[in-house]
Amino acid sequence: MSASGPARQIVVVGGGVAAFSAISELRSRGFDGAITLLSPEGLPYDRPTLSKGYLLGTEDATKIRLAPEAWYAERSIELVPERAVALRPAEGAVELDGGRRLPADRVLLATGGVPRCLGVPGGEAAHTLRDLADSDALRRALAPGARVAVVGAGLIGAEVASAAVVLGAEATLIDPVDPPLVPAVGEALARRLHAMHAERGIRTIVGAPVGIEAHDGAAPGSAYSVRFADGSTVAADAVVAGIGILPDTALAEAAGLEAEGGVIVDDTGATSNPAVFAAGDTCRRRAGDGTLARRSEHWEAAVHSGQVAAAGMLGAEPPQFGAPWLWSDRHGVHVEAVGTLDERHAPGARTVLRMVDGVPQAAFLLAADGHLLGCSAVDLPLVVRAARRIIDRGIVPDPDALADPSADPRKLTR
Amino acid sequence: MSEGIDVGSPDEIEEGTARVIEPEESGFDEPIAVFHTETGCFFALDDTCTHEEASLAEGWIEGDAVECPLHSSSFDLRTGRVLCLPATQSARTHKVEVTGGRVVLYPGVDAEDAARVSEQAAE
Ligand SMILES: Cc1cc2nc3c(=O)[nH]c(=O)nc-3n(C[C@H](O)[C@H](O)[C@H](O)COP(=O)(O)OP(=O)(O)OC[C@H]3O[C@@H](n4cnc5c(N)ncnc54)[C@H](O)[C@@H]3O)c2cc1C
Ligand code: FES
């Protein structure tokens, strides 16, 4: 593979949203060379619903596809449902399981991540949730009356516990941090959201398991014991771990690409090999000044990095995006956050809350100079959309209006 | 279906907002959102986002686009074209006209670009 000369043959490794976003962007930018998409699970689908509607059974596998089969044919994108086993940059090829080699002058690695396993004795018994098959298996475990212990009460863990209750299972949610999610949504909303679990009959435990014991052939309700350091145990039919992911950097590292907690990419999405790009949960951006950004594990960042890599492969200027955004759905509420709510990285910043009847609805982190750094909110989509524009446009907002539940969000950006 | 229905006077839908016309009122099988943009134009789309269940009328209306309140896909109000993920399917448009000081919606009639009627043009 050599980055000299324009791209004519692009192989995209991965069938997630980063890969999908990159191929859409390549075609909408007018790239008319060959695109091959290696997607071992077949037609690319969207993952967020795997812990929400799909897990609950309100959406099916067809509905969650990112695009129907015809979409790929219309854009002359060859979909190969196989796994890449090696990148051969020197030979300009990607090697598939079975030895077949696909020629490529640019490669995009969008291999996502693998769920982190519970690193305790017996931890391998825990369900993890990343793909359709995981969600199917989990749904079978969340049967009415089943006892489920969910380890990790961040985004996915909280959603799984919420779905468990809807499906009639009995959930225990375990996390060493109380409340979880403070860096993502700020302290006030983190507390409110965490308290919702107990209100819905979920038992919450502050702690970290030290082991999972399996009781073979035991009666329902005691198939596993989740053990804690103080000797206490939680009995469960199923254990779920929602404790984050590890970026899938194996292919990159074997090909000699620089990786450090993610495949390192520059502002154009290029890895340390200028013909190989990376996007999505697997990549980690190094800024112009050499600092390594935290790897994102959120949907929109994956979409944007796919678009950046597409531009990069075509030698075009990278598109610019504003403040990062994420959402989560649990217990019937829609949580969103934009920018950062993490006070640790913002000395002198202060938080302004929008309260209704003593309950925080939205939190805003304001920098010492009055600029908005981030906003999180529950069921206030227009407030979040206003906040996003305030941040991106560098508007200095009126803190009183932010805090005022009767203020029209549309007017906040003026 | 080509019969227009009167959905009110232009100032009943504040600029930058939208009103949902339910099937009972329109006789159409889906709720329709009638948008009034900040530049005074009226457009109509199927109200339900093509991604999941969200009302586009509750979205962020800016320029000639609406951003879904759930996962932020944007739709071009003139053409219904989906502008960004997660939705990949465009939204159905409906013709809207401002005539005789009334906003008239034609449920089921595809709004060609030309059917865009600004208040100004209607006067
Ligand atoms: C259950 C769940 C719920 C989520 N909910 C939210 C949410 O509510 N909000 C939010 O912002 N984010 C959410 N996320 C995060 C979001 O879905 C991810 O950030 C996004 O999917 C990352 O996309 P990606 O393309 O980088 O990786 P992935 O979607 O993981 O795709 C990676 C792809 O690479 C393929 N692959 C791996 N190795 C190879 C190989 N060797 N050869 C070929 N293909 C390979 C995999 O099969 C997979 O198709 C959620 C994630 C999960 C799992
Ligand atoms: S429901 Fe509109 S983008 Fe998801």
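Labels below follow one simple rule: chain letters A, B, ... track the order of the sequence lines, proteins then strands, and each chain is numbered from 1. Both backbone and side-chain heavy atoms feed into the values below; hydrogens, waters and symmetry mates do not.
No more than 12 heavy atoms of other residues, nucleotides or ligands shown are found within 6.0 angstrom of CD on A:E317. By the 6.0 Å contact criterion, CZ on A:R29 is enclosed, its count of non-hydrogen atoms from other residues, nucleotides or ligands being greater than 12. In this structure, B:E22 places its CD atom where more than 12 heavy-atom neighbours from other residues, nucleotides or ligands lie under 6.0 Å away.
For the atom pair A:T49 OG1 and B:H51 NE2, the distance stands at 7.5 Å (nearest 0.5 Å). Distance NE2/B:H71 to NE2/A:H334: 5.5 Å, rounded to 0.5 Å.
In this model, no donor atom of one side chain and acceptor atom of the other lie less than 3.5 Å apart for A:R65 and B:T88.
Both the backbone and the side chain of A:S21 come within contact range of chain B, judged by heavy atoms closer than 4.5 Å. There is no contact between A:E300 and chain B, counting heavy-atom distances below 4.5 Å. Contacts of A:W71 with chain B are absent, with no heavy-atom separation under 4.5 Å from either backbone or side chain. The contact between B:C68 and chain A is made entirely by backbone atoms, counting heavy-atom distances below 4.5 Å. Only the side chain of B:E14 comes within less than 4.5 Å of a heavy atom of chain A; its backbone N, CA, C and O stay farther away. Heavy atoms of A:Q307 lying under 4.5 Å from chain B are absent altogether.
Among the candidates B:S72, B:G16, B:G59, the residue making the largest number of heavy-atom pairs closer than 4.5 Å to chain A is B:S72.
Counting only distance, with no hydrogens or angles, the side chain of A:R385 and the backbone of B:P69 share a donor-acceptor pair below 3.5 Å.
The shortest distance between side-chain heavy atoms of B:L70 and A:W327 does not fall below 4.5 Å. The side-chain heavy atoms of A:T413 and B:W60, taken from C-beta on, include a pair separated by under 4.5 Å.
Using a 4.0 Å cut-off between a side-chain N of Lys or Arg and a carboxylate O of Asp or Glu, B:E62 and A:R393 qualify as a salt bridge. No salt bridge links A:R410 with B:E58; every basic N to acidic carboxylate O contact stays at or beyond 4.0 Å. Between A:K52 and B:E52 there is no salt bridge, since none of the side-chain N atoms of the basic residue sits less than 4.0 Å from a carboxylate O of the acidic one.
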